[in-house]
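Reviewing the structure listed below.
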Amino acid sequence: MPTEEGWNQPITKVEPNRVTVRGYRLESLMGRVTFSDAAFLVLRGDLPTAGQSRVWDAILVACVDHGATPPSTLAARLVASGGAALTAGIAAGILAINRHHGGAIEDCMRVLEDAVGRCRETGSDCATVARDLVAEYRAARKRLPGYGHRVHTDDPRTRRLFELAEEEGLAGPYVQMASALRSAIAEEMGRDLPLNVDGAIAALLCEMAFPPEIGNGVFALARTAGLTAHVFDELTRQRPMRTISPTAHGYDGPPDREL
């Protein structure tokens, strides 16, 4: 029933000595489900299946950090360098996640939903619809979100995510369409643009029935961990009010190691 203020929310109920999240007692989840599964529950309304859990967790790991050069990390470090608190630096980084940085997930989800919808409506195969869509984007001088990367020519995160999706039976029509679009782009443009991690995540979130509007939030959720580490490093190891170069920096962490 509505409260006195006249509105409801379906996520969490808090009563004296009792907290339930999407219907589950919070203490019953603690120690029995992972944080990533709890995040899935909050966002999707149900706990993931075993296969979804593995792929979902891999998505979050794939986004946890990408070095000191992304706009979100530079923004977070810059604000921290000015003397802001840890949380203010993290917030600055989150605010920098937008259309061209992390935001491609939502846009790519919309493209994939449109493309798969065309297949279902017309009975056309993925390759045909992908070629038509690429031609439309080229004619409109628009870039397909989720393809191309400033560093990677074959994004290792994409490759691993799709391997896991195959293993868990989650490589359905959206993954197939994402791959078909990459082939169509190469055919149309004469050069291969890799499906980047944003595009791979978009395909897998579609497979797990996430709405596009939540895509960028998934990226922000995962990247918060990396931003926290970068802001802490800025506050504890770097000098205040420094000039932060996006390129003139190195790495002095642990050497390469295997699990």
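All values below were derived from every heavy atom in this structure, side-chain atoms included, with hydrogens, water molecules and symmetry-related copies excluded.
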Original post:
Hey, mind stepping through Phe40 and Leu47 against side-chain contact (heavy atoms from CB on, under 4.5 Å) and telling me if it holds?
Top reply: CA-CA 6 Å; Phe40 189 101; Leu47 287 167; 5.9 Å; no
**OP:** Please test Val19 against Arg25 for side-chain contact (heavy atoms from CB on, under 4.5 Å), starting from the C-alpha separation and ending with a verdict.
**Re:** CA-CA 6 Å; Val19 180; Arg25 292 284 293 266; over 6 Å; no
Subject >> Minimum heavy-atom distance Leu235-Ala80, with the two atoms named >> reply: CD2-O, 3.6 Å
Original post:
Can you find a heavy atom in the side chain of Asn196 that is under 4.5 Å from one in the side chain of Tyr147?
Top reply: no
Original post:
Hey, quick one: are Ile214 and Ile105 part of the same hydrophobic cluster, counting side-chain heavy atoms closer than 4.5 Å, chains of contacts allowed?
Top reply: yes
Subject >> Charged N-O contact under 4.0 Å between Arg110 and Glu213 >> reply: yes
Subject >> Reported OG-to-CD1 distance for the pair Ser36 and Ile59, which is rounded to 0.5 angstrom >> reply: 10.5 Å
Original post:
Which atom names give the shortest non-hydrogen contact between Gly199 and Cys108, and what distance separates them?
Top reply: CA-SG, 3.8 Å
Subject >> Shared hydrophobic cluster for Leu221 and Ile11 (ILVMFWY, side-chain gaps under 4.5 Å) >> reply: no
**OP:** Test Met109 against Tyr174 for side-chain contact (heavy atoms from CB on, under 4.5 Å), laying out the working first.
**Re:** CA-CA 9 Å; Met109 288 179 76; Tyr174 298 99; over 6 Å; no
**OP:** Go through the structure and list residues passing salt bridge (Lys or Arg N to Asp or Glu O under 4.0 Å) with Glu187, not counting sequence neighbours.
**Re:** none
**OP:** Spell out, as yes or no, whether a donor-acceptor pair under 3.5 Å connects the side chain of Ser81 to the backbone of Met241.
**Re:** yes
Original post:
Taking all atoms of both residues into account, what is the closest heavy-atom pair of Phe232 and Leu86, and its distance?
Top reply: N-CD1, 3.9 Å
**OP:** Would you confirm whether Tyr24, through its side chain, and Glu27, through its main-chain N or O, come within 3.5 Å as a donor-acceptor pair?
**Re:** no
Original post:
Between Glu106 and Arg99, is there a salt bridge with N-O shorter than 4.0 Å?
Top reply: no
Subject >> Distance, nearest 0.5 Å, that separates NE2 of His101 from CG of Leu74 >> reply: 9.0 Å
Original post:
Any side-chain heavy atom of Arg131 sitting closer than 4.5 Å to one from Ser183?
Top reply: no
Subject >> Validation row: Ile201, Thr158 side chains within 4.5 angstrom (heavy atoms) >> reply: no
Original post:
Looking at side-chain heavy atoms only, is the closest gap between Val231 and Thr87 below 4.5 Å?
Top reply: no
**OP:** Would you mind checking if Glu188 and Arg138 are paired as a salt bridge, meaning a charged N to carboxylate O distance below 4.0 Å?
**Re:** yes
**OP:** Kindly work out whether a path of hydrophobic side-chain contacts (I/L/V/M/F/W/Y, heavy atoms less than 4.5 Å apart) joins Val218 to Val64.
**Re:** no
Original post:
In terms of side-chain geometry, is the basic nitrogen of Arg237 or Asp252 positioned less than 4.0 Å from the acidic oxygen of its partner?
Top reply: yes
**OP:** Might you point out which heavy atoms bring Glu113 and Pro212 nearest each other, and give the distance in Å?
**Re:** OE1-CG, 3.5 Å
Original post:
Going by an N to O cut-off under 4.0 Å, is there a salt bridge joining Asp114 and Arg118?
Top reply: yes
Original post:
What is the distance from atom OG of Ser72 to atom CD1 of Ile94, rounded to the nearest 0.5 Å?
Top reply: 7.5 Å
Original post:
How about Lys13 and Glu15: do any of their side-chain heavy atoms sit closer than 4.5 Å?
Top reply: yes
**OP:** Indicate the atoms forming the closest heavy-atom contact of Pro173 with Glu207, along with that distance.
**Re:** N-OE2, 3.3 Å
Original post:
Considering all heavy atoms of both residues, which atom of Leu195 and which atom of Ala178 are nearest to each other, and what is their separation?
Top reply: CD2-CB, 3.9 Å
Original post:
Do the side chain of Thr20 and the main chain of Gly23 share a donor and acceptor less than 3.5 angstrom apart?
Top reply: no
Original post:
Under 4.0 Å between a Lys/Arg side-chain N and an Asp/Glu carboxylate O for Arg157 and Asp155?
Top reply: yes
Original post:
Checking Gln9 side chain against Thr12 main chain: does a donor-acceptor pair fall under 3.5 Å?
Top reply: yes
Original post:
Is there a chain of hydrophobic side chains (I, L, V, M, F, W, Y, each step under 4.5 Å between heavy atoms) that links Leu41 to Trp56?
Top reply: no
Subject >> Reported CG-to-CD distance for the pair Leu144 and Glu136, which is rounded to 0.5 angstrom >> reply: 10.0 Å
Original post:
Is it true that the NZ or CZ of Arg143 lies under 6.0 Å from the centre of Tyr137's six-membered ring and within 45 degrees of the ring axis?
Top reply: no
**OP:** Apply the test side-chain contact (heavy atoms from CB on, under 4.5 Å) to residues Asp132 and Thr128: give CA-CA distance (whole Å), side-chain angles for both, the deciding distance (0.1 Å), then the verdict.
**Re:** CA-CA 6 Å; Asp132 290 344; Thr128 300; 4.1 Å; yes
**OP:** For residues Leu78 and Glu234, determine if any side-chain heavy atom of one lies less than 4.5 Å from a side-chain heavy atom of the other.
**Re:** no
**OP:** State plainly whether the residues Arg182 and Asp192 are in salt-bridge range, i.e. N to O under 4.0 Å.
**Re:** yes
Original post:
Between the side chain of Arg223 and the main-chain N/O of Cys63, is any donor-acceptor distance below 3.5 Å?
Top reply: yes
Original post:
Mind checking whether Pro145 and Asp198 have side chains closer than 4.5 Å, heavy atoms only?
Top reply: no
Original post:
How long is the gap from CD on Glu168 to OG1 on Thr49, to the nearest 0.5 Å?
Top reply: 8.0 Å
Subject >> Hydrophobic cluster identity match, Phe35 and Leu26, side-chain contacts under 4.5 Å >> reply: no
Original post:
Roughly how far, to the nearest 0.5 Å, is OG1 of Thr73 from CG of Asp65?
Top reply: 5.5 Å
